[in-house]
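Inspection log for the structure reproduced underneath, given as structure tokens.
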Amino acid sequence: MRRADRLFQIIQVLRRSSKPVTADAIAIELETSKRSIYRDIATLMGQRVPIRGEAGIGYVLDGGFDMPPLMLTSDEVEAAVLGAQWVSGRGDPALARAARDLIAKIAATVPEKLRPVLLEPAVASAPVWKHEVETLDMSRVRAWIHAGRKLRLHYADEQGNETLRVIWPCLVGYRETKRLLVGWCETRDDFRTFRTDRVVEADFLDDRYPGRPAVLRGKWYAKVAAEHAAWEAAGRPTPPGVS
């Protein structure tokens with residue numbers, strides 16, 4: 001790896017981490033020596049890249065720093081194309097359109113030498129043969145999640161029995177042909193996961209739920225991790241967790 005490329009990759013490693021990263025960890029990822037990493041970080045600091053930290057503790061990149069736009073590697077281009085392909089086939093209409101627009105924007109701005117990677121990728125996501133029909137406006141659901149507002153769902157279970165739930169939505173999850181809505185259910189006083197194709201009707205309420213959506217998501221992730229650990233310890237299959 002050229003030193004210029006290594007300097008760029010060090011910034012990438014620091015940018016994606018919210019905690020201090022040691023020179024040893026950076027050296028292992030970039031397959032070089034710690035001494036080289038120390039020299040490179042000193043060089044970056046000398047170039048006024050806002051890196052803080054010290055040897056033995058780790059380094060962090062201050063917020064607000066950004067690299068010039070679209071300095072992408074070949075692997076990054078293929079990763080973006082693969083992700084965008086998957087979203088364009090499985091996302092809601094707004095996200096699918098955004099994924100196609102993303103590919104077009106990257107194609108228009110990447111250097112000429114990277115264009116074949118974009119236009120003739122060596123990776124692809126599997127086609128979706130069947131979409132579950134749903135009436136829920138997923139674009140609006142995502143907006144309600146960002147705003148931390150409540151939803152009232154008229155929901156039908158697998159047997160077609162309908163219930164009325166008021167939930168605090170915090171995440172939209174994806175399976176191959178289904179979308180899942182995760183939220184705190186006021187009726188069950190617990191987290192529940194709802195298949196969006198089983199939502200008969202939804203009311204978008206103005207009421208905000210307490211706390212931030214990110215905090216609610218964190219609690220859900222912790223609950224799921226604890227449940228999976230308990231089931232694995234008991235030698236049982238992972239619980240489905242779908243309401």
Side-chain angles (χ1 to χ4, degrees), residues 11-22 25 50-53 58-67 69 76 79-80 82-84 86-88 90-99 101-102 134 136-153 155 165-176 178-199 202-232 238-243:
I11 293 175
Q12 293 293 89
V13 171
L14 295 178
R15 182 160 55 179
R16 70 171 180 252
S17 177
S18 59
K19 299 179 180 179
V21 184
T22 64
I51 296 174
R52 293 183 291 107
Y59 299 91
V60 295
L61 182 67
D62 285 344
F65 177 78
D66 203 3
M67 298 291 288
E76 289 167 344
L82 179 60
W86 196 95
V87 174
S88 68
R90 294 163 177 80
D92 61 71
L95 279 183
R97 184 170 56 252
D101 289 345
L102 174 61
E134 60 184 20
L136 194 56
D137 184 344
M138 297 307 300
S139 180
R140 197 175 180 190
V141 168
R142 289 187 283 107
W144 248 241
I145 291 174
H146 290 303
R149 297 184 185 276
K150 298 181 182 182
L151 291 174
R152 181 164 52 235
L153 304 181
Y155 188 73
R165 312 284 191 95
V166 174
I167 70 167
W168 307 353
C170 64
L171 185 70
V172 176
Y174 284 80
R175 290 181 176 172
E176 277 301 305
K178 303 178 183 67
R179 280 187 279 271
L180 306 174
L181 178 58
V182 179
W184 178 267
C185 178
E186 292 185 354
T187 303
R188 298 290 187 259
D189 196 30
D190 199 357
F191 286 104
R192 286 293 185 269
T193 302
F194 303 90
R195 279 181 43 171
T196 57
D197 59 301
R198 291 180 181 168
V199 175
D203 299 316
F204 292 81
L205 308 178
D206 291 331
D207 299 343
R208 293 181 181 274
Y209 55 77
R212 296 187 299 112
V215 174
L216 195 62
R217 277 193 295 273
K219 292 179 179 179
W220 177 74
Y221 282 127
K223 180 178 185 293
V224 169
E227 288 177 348
H228 285 194
W231 280 62
E232 288 178 359
T238 301
V242 177
S243 182

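The first residue of the sequence shown is numbered 1, and numbering continues consecutively from there.
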Taking [X] first and then [Y], would you say they form a salt bridge - that is, a charged N and a carboxylate O separated by under 4.0 Å?
X: R142; Y: D92; answer: yes
X: D190; Y: R188; answer: no
X: R52; Y: D62; answer: yes

message: Within the structure provided, determine whether W168 and P210 are in side-chain contact (heavy-atom separation under 4.5 Å).
response: yes
Measure the [atom1]-[atom2] distance between [X] and [Y] for me, rounded to the nearest 0.5 Å.
X: T193; Y: I167; atom1: OG1; atom2: CD1; answer: 9.5 Å
X: L171; Y: L216; atom1: CG; atom2: CG; answer: 10.0 Å
X: R90; Y: K178; atom1: CZ; atom2: NZ; answer: 12.5 Å
X: L95; Y: L102; atom1: CG; atom2: CG; answer: 11.5 Å
X: F204; Y: R149; atom1: CZ; atom2: CZ; answer: 12.0 Å
X: Q12; Y: L61; atom1: CD; atom2: CG; answer: 9.5 Å

field: Test applied, side chain to side chain donor-acceptor pair (under 3.5 Å); reference residue, E186; option that passes from R152, R165, K150
entry: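 When R152, R165, K150 are each tested with E186, the side chain to side chain donor-acceptor pair (under 3.5 Å) holds only for K150.
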Where the side chain of [X] meets the backbone of [Y], is there a donor-acceptor pair that is under 3.5 Å apart?
X: Y155; Y: T196; result: no
X: R192; Y: C185; result: no
X: Y209; Y: P169; result: yes

task: Using the ring of W144 (Phe, Tyr or Trp, six-membered ring only), decide whether R140 places NZ or CZ under 6.0 Å from its centre and within 45 degrees of its axis.
output: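 Here R140 passes the 6.0 Å and 45° test against W144.
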- request: Decide yes or no on side chain to side chain contact (heavy atoms under 4.5 Å, CB included) for L205 and D203, but give the supporting numbers first.
  value: CA-CA 6 Å; L205 308 178; D203 299 316; 4.2 Å; yes
- request: Begin with the C-alpha distance, continue with both residues' side-chain angles, and end with the deciding distance and a verdict on side chain to side chain contact (heavy atoms under 4.5 Å, CB included) for L181 and V141.
  value: CA-CA 9 Å; L181 178 58; V141 168; 3.9 Å; yes
